[in-house]
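Just below is one structure, and these are the notes that go with it.
Keep in mind it's a predicted model, so treat the numbers as computed, not measured. Side chains are part of it too, since the values below use all heavy atoms of this structure and drop only hydrogens, waters and symmetry mates.
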Amino acid sequence: MAREALAQAKADALKRGTIPGQGNKRKSNAKLVRVRDPGRGGDPKAFGAAIRELLATRGWEQRAAVGGVFGNWPGIVGPELAEHTRPERFEDGELTVAADSTTWATQLRLLSSTLVRRLNEELGHGTVRRVKVVGPASGPRRAGAWRVR
C-alpha cells in the first residue's frame with residue numbers, strides 16, 4: 001500500500017513538472033509559464049475611465065453620486081434655496097436636509113416631491129425615496145406648567 005502511494009506521488013510530481021526527490025527543481029524540458037495579473041499593466045487609461053471602473057468594481061457608484069449631490073446642492077435646488085438649506089445625510093433612501101428657519105423648512109417640505117424627482121434624475125430612479133426636512137434647533141424646553149414672563 002505504501003509503494004502504491006509512493007508511485008502515485010511520483011506520478012503527480014512528474015505531471016507538475018518536478019523531479020521526485022529533487023525538491024521544487026523543474027525538469028530542463030519543462031516550460032515555465034508566467035501568469036499575468038489581469039489588474040496590472042497594459043495600456044494606460046484615461047483618468048475618468050479609470051475612476052469610473054474603480055467605482056464600479058468596488059460598488060461605490062451610488063456613494064459617489066450622493067457625494068456629488070452634496071457638493072452640487074446649489075446647482076440642484078437653485079442658489080436661493082441652497083442659501084438657506086443644506087443636505088446633512090443620506091441613509092436608506094432618505095435624504096435629510098436642514099433649513100436655517102422654520103419658514104424655509106416649510107417651503108422645502110412643500111417642494112419635497114419635486115426635490116425627490118429632481119434628485120432621482122441626478123442619481124438614478126428610486127435612489128431617493130423621501131426627503132426629511134429638519135428645521136432649526138430650538139433650546140431645551142423646561143418641564144412643567146406654562147409660565148408667563
Side-chain angles (χ1 to χ4, degrees), residues 5 8-20 23-27 29-149:
Q8 183 63 40
K10 285 182 178 183
D12 291 341
L14 284 173
K15 285 181 187 176
R16 288 191 310 265
T18 58
I19 299 172
N24 277 339
K25 294 181 184 175
R26 296 194 180 267
K27 292 193 294 186
N29 63 352
K31 195 173 189 179
L32 181 64
V33 178
R34 288 189 175 211
V35 178
R36 234 185 128 153
D37 185 8
R40 306 284 292 171
D43 292 332
K45 295 180 183 178
F47 184 72
I51 292 296
R52 280 190 297 277
E53 183 180 316
L54 176 70
L55 293 174
T57 58
R58 302 277 172 106
W60 293 342
E61 294 119 329
Q62 184 179 12
R63 290 181 192 166
V66 169
V69 166
F70 279 54
N72 189 26
W73 186 246
I76 294 170
V77 298
E80 186 178 9
L81 192 59
E83 191 176 319
H84 299 283
T85 61
R86 71 182 181 289
E88 287 196 332
R89 68 178 167 271
F90 179 79
E91 292 177 354
D92 300 325
E94 180 179 87
L95 177 67
T96 304
V97 181
D100 62 1
S101 71
T102 55
T103 306
W104 283 105
T106 303
Q107 181 70 20
L108 193 59
R109 284 185 190 103
L110 292 172
L111 295 172
S112 65
S113 62
T114 306
L115 185 58
V116 167
R117 187 174 62 247
R118 176 74 173 102
L119 288 168
N120 282 329
E121 288 173 4
E122 291 283 325
L123 302 173
H125 181 69
T127 305
V128 178
R129 293 188 311 267
R130 180 174 179 242
V131 173
K132 179 181 176 182
V133 181
V134 179
S138 61
R141 294 186 179 207
R142 286 192 239 152
W146 290 91
R147 296 191 171 101
V148 178
R149 293 184 186 178

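Val97 is not listed as a side-chain neighbour of Val77, based on a closest heavy-atom distance of 4.5 Å or more. In this structure the side chain of Asp100 never reaches within 4.5 angstrom of the side chain of Pro136, judged on heavy atoms.
Here the shortest heavy-atom pairing between Ala82 and Pro74 reads CB-CA, 3.5 Å. Minimum heavy-atom separation, Thr85 to Leu81: OG1-O, 2.7 Å. Taking each heavy atom of Asn120 and Val128 in turn, the nearest pair found is OD1-N, 2.8 Å.
Note: His84 NE2 to Thr103 OG1 = 10.0 Å, rounded to the nearest 0.5 Å. For the atom pair OG of Ser113 and CZ of Arg118, the computed distance is 14.5 Å after rounding to the nearest 0.5 Å. Separation of atoms CG (Leu119) and OG1 (Thr114) is listed at 11.0 Å; rounding is to 0.5 Å. Rounding to the nearest 0.5 Å gives a distance of 5.5 Å between CZ of Phe70 and CG of Leu95. Here the CD atom belonging to Glu121 is positioned 10.5 Å from the CD1 atom belonging to Ile76, to the nearest 0.5 angstrom. The structure places CG of Leu115 at 12.5 Å from CG of Leu110, a figure rounded to the nearest 0.5 Å.
In terms of the salt bridge (Lys or Arg N to Asp or Glu O under 4.0 Å) criterion, residue partners of Arg86 (sequence neighbours excluded) are, by chain and number, Glu88.
Under the side-chain contact (heavy atoms from CB on, under 4.5 Å) test applied with Lys132, the options Glu94, Glu91, Arg109 reduce to a single match, Glu94.
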